Number of protein chains: 2
Amino acid sequence: MYDGNVGSVARAMKNFGFRELVLVKPCRMREFGRAMASHAQDLLDEATIAPSLEDALSGADLVVGTTGKRIGEGQRHLRLHLRVPCLTPKELAERLFPWEGKVALLFGPEDCGLSNDELMNCDLVVSIPTSDGYPVMNLSHAAAILLYELSGIGPGEVKMADGNSLDRLYARYRDWLCSIDYPPHKIEYTMLMVRRIYGRSGLTEREVNTVLGALKKAEWSNGR
Amino acid sequence: MYDGNVGSVARAMKNFGFRELVLVKPCRMREFGRAMASHAQDLLDEATIAPSLEDALSGADLVVGTTGKRIGEGQRHLRLHLRVPCLTPKELAERLFPWEGKVALLFGPEDCGLSNDELMNCDLVVSIPTSDGYPVMNLSHAAAILLYELSGIGPGEVKMADGNSLDRLYARYRDWLCSIDYPPHKIEYTMLMVRRIYGRSGLTEREVNTVLGALKKAEWSNGR
């Protein structure tokens with residue numbers, strides 16, 4: 001991100017009561033970026049600098065990717081499932097409302113957005129409905145709109161399964177697919193879809209354990 | 001407004017399908033402001049320059065003023081009623097929804113906002129709910145959020161799986177649990193949970209088919 005956008009995003013975060021800014025391999029902050037942050041200098045000073053996306057996301061229970069590239073169901077290429085289905089910011093807010101857990105909101109660089117590989121790390125994808133005439137938004141505007149939609153959400157009553165439990169679930173799901181001779185070339189695609197389904201759903205620890213239990217049982221049963 | 005904000009607002013307008021930008025006694029547009037407009041140069045070129053606020057608002061059926069200064073109901077000074085009650089952007093959108101007419105959305109200069117006199121020209125006042133810790137937003141962020149709420153552009157075209165497909169999915173899931181000797185007394189509970197998970201998630205037809213395919217494959221594999 002260019003430093004003006006970093007500063008603008010910091011300001012929007014503080015406007016809506018968010019504090020934890022994590023920057024992956026950021027550009028240098030110059031005077032202009034500092035000025036755009038206005039009274040949110042503290043957020044810039046406290047921002048975490050992460051050497052990789054993986055590091056940046058390590059503490060998150062749920063990763064929400066943002067994309068401006070929306071794609072209709074009619075288009076059939078495999079990669080499209082990275083971006084379909086997309087939630088609107090309002091839908092995201094409604095979905096997150098009952099949950100308690102740490103959610104990471106992930107933005108790509110302003111010139112090209114999140115890559116397909118980066119979107120593979122996301123449990124959910126959100127996109128702001130814009131005009132077809134000019135859908136590409138300024139990054140800090142997109143951030144401001146998402147933070148605005150998410151700002152009213154306090155910690156909910158239902159505790160989310162933590163990120164590690166989900167990782168175990170996905171690993172076990174993958175093992176299970178292998179164990180049933182699921183076509184190897186379909187595994188990545190199916191795992192992405194599984195991740196998106198459970199990501200949109202939101203899972204409690206208990207639900208993770210139940211699904212894990214069923215998969216474990218299936219492997220034993222199959223291995224007899 | 002400083003020219004960067006004018007450009008940013010033009011871009012946000014085009015992002016959400018708005019076109020008519022009216023500037024009252026504006027600053028000079030420089031290179032930076034033009035750059036911030038990105039692909040919305042046409043909006044800048046077509047912008048109307050008005051010599052006074054009265055001129056700017058002459059064609060509007062309804063004037064909506066924006067303010068960051070929110071004032072509690074408890075404060076009783078007459079002037080306060082300029083800003084009370086304030087609608088949120090969502091409330092404004094709901095209120096404008098059934099109407100046909102020309103609505104002007106009025107923003108003040110970024111340093112001080114609309115004056116009391118300027119607010120006297122407004123039919124409605126809207127304010128974005130922000131954090132008490134730092135309520136003062138960047139002007140173009142505030143504009144982006146309001147335009148987003150007012151754009152009326154619906155979500156995408158992703159069609160949800162229909163009820164029959166989901167019934168088939170749940171029946172197959174139940175069969176699969178039986179086939180792996182899942183404890184019978186746990187089946188109802190687990191099926192309820194599965195249904196809640198997928199229900200919250202929302203599934204496309206394609207996703208149903210993929211999960212169905214995996215379950216079918218599992219049963220064949222297990223039955224060998």
Side-chain angles (χ1 to χ4, degrees), chain A residues 8 11-12 14-17 36 38-40 70 72-73 81 84-89 91 95 127-131 133-138 140-142 144-145 148 151-152 176-177 179-182 189-190 193-194 196-203 206-207 210-211 214 217-218 220-222, chain B residues 4 8 11-12 14-18 36 38-40 89 128-131 133-138 140-142 144-145 148 151 153-159 176-177 179-183 186 189-190 193-194 196-204 206-207 210-211 213-214 217-218 220-222:
Chain A
S8 288
R11 179 171 180 177
K14 194 162 176 181
N15 286 153
F16 292 112
M36 292 306 281
S38 194
H39 294 282
R70 277 161 293 123
E73 274 286 343
H81 282 276
V84 172
C86 259
L87 301 182
T88 65
E91 289 166 345
R95 223 160 270 230
S127 187
I128 296 170
T130 45
S131 160
Y134 183 30
V136 185
M137 291 190 69
N138 171 294
S140 77
H141 285 179
I145 286 169
Y148 156 78
S151 66
W176 171 67
L177 287 177
S179 81
I180 62 172
D181 301 325
Y182 196 73
Y189 164 80
T190 297
M193 199 176 262
V194 164
R196 288 294 155 74
I197 293 170
Y198 287 135
R200 293 202 306 278
S201 160
L203 294 176
R206 188 162 196 170
E207 286 171 338
T210 299
V211 179
K217 194 78 191 58
W220 288 337
S221 164
N222 199 16
Chain B
S8 289
R11 179 171 180 178
K14 195 163 176 181
N15 286 152
F16 292 110
F18 296 89
M36 292 306 282
S38 194
H39 294 281
I128 297 170
T130 44
S131 160
Y134 184 29
V136 185
M137 292 190 68
N138 172 294
S140 77
H141 285 180
I145 287 169
Y148 155 79
S151 66
I153 300 169
E157 299 291 326
V158 183
K159 200 166 152 18
W176 170 68
L177 287 177
S179 80
I180 62 171
D181 302 320
Y182 195 74
K186 285 189 180 173
Y189 168 75
T190 297
M193 199 176 262
V194 165
R196 291 288 156 75
I197 293 169
Y198 286 131
R200 291 203 306 275
S201 159
L203 295 175
T204 63
R206 191 161 194 172
E207 288 173 332
T210 299
V211 179
K217 194 78 190 57
W220 289 335
S221 164
N222 200 16

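Chain naming here is simple, since letters A, B, ... match the order of the sequence lines and numbering starts at 1 in each. On a predicted model such as this, the values are computed, not experimentally measured, just so you know.
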Proximity breakdown for B:Leu177 and chain A, heavy-atom pairs closer than 4.5 Å:
side chain
Of the listed residues (B:Pro183, B:Ala144, B:Gly213), which shares the most heavy-atom pairs with chain A below a 4.5 Å separation?
B:Ala144
Nearest-0.5 Å distance, CZ of residue A:Arg200 to CD1 of residue B:Ile197
13.0 Å
Just so I understand: if I count every heavy-atom pair under 4.5 Å between each of A:Ser8, A:Ala40, A:Ala12 and chain B, which residue has the most?
A:Ser8
Gap between atom CH2 of A:Trp220 and atom CG of B:Asp181 - 0.5 Å precision
12.0 Å
B:Val194 versus chain A, the contacting section by heavy-atom distance below 4.5 Å:
neither
Go through the steps for B:His39 and A:Val136 under the test side-chain contact (heavy atoms from CB on, under 4.5 Å), then give the verdict.
CA-CA 9 Å; B:His39 294 281; A:Val136 185; over 6 Å; no
Greatest number of non-hydrogen atom pairs under 4.5 angstrom with chain A, of B:Ser140, B:Gly133, B:Gly4, B:Ala142, falls to B:Ser140
Taking atom NZ as the centre, does B:Lys186 end up with more than 12 heavy-atom neighbours from other residues, nucleotides or ligands that are less than 6.0 angstrom away?
no
Could you state the interatomic distance from CD1 (B:Ile180) to CH2 (A:Trp176), rounded to the nearest 0.5 Å?
9.0 Å
By a 4.5 Å heavy-atom criterion (distance strictly below it), what part of B:Phe18 contacts chain A: side chain, backbone, both, or neither?
neither
Report the residues that fulfil ring pair (Phe, Tyr, Trp, His ring centres under 6.0 Å) with A:Tyr182, sequence neighbours left out, ordered by chain and then residue number.
none
Minimum heavy-atom distance B:Ser131-A:Gly17, with the two atoms named:
CB-N, 3.6 Å
A:Val211 vs B:Met193, side-chain contact (heavy atoms from CB on, under 4.5 Å): CA-CA, chis, key distance, verdict
CA-CA 9 Å; A:Val211 179; B:Met193 199 176 262; over 6 Å; no
For residues A:Pro129 and B:Phe16, report the shortest heavy-atom separation together with the two atoms involved.
O-CE2, 3.4 Å
Note: A:Asn15 and B:Asn138 closest approach over all heavy atoms is OD1-N, 4.2 Å
Specify the closest pair of heavy atoms between A:Ser179 and B:Ser221, including all atoms of both residues, with the distance to one decimal.
O-OG, 4.0 Å
Would you kindly say whether B:Ser38 and A:Tyr134 are connected by a side-chain donor-acceptor distance under 3.5 Å?
yes
Based on non-hydrogen pairs under 4.5 Å, which of B:Arg11, B:Lys217, B:Lys14 is most in contact with chain A?
B:Arg11
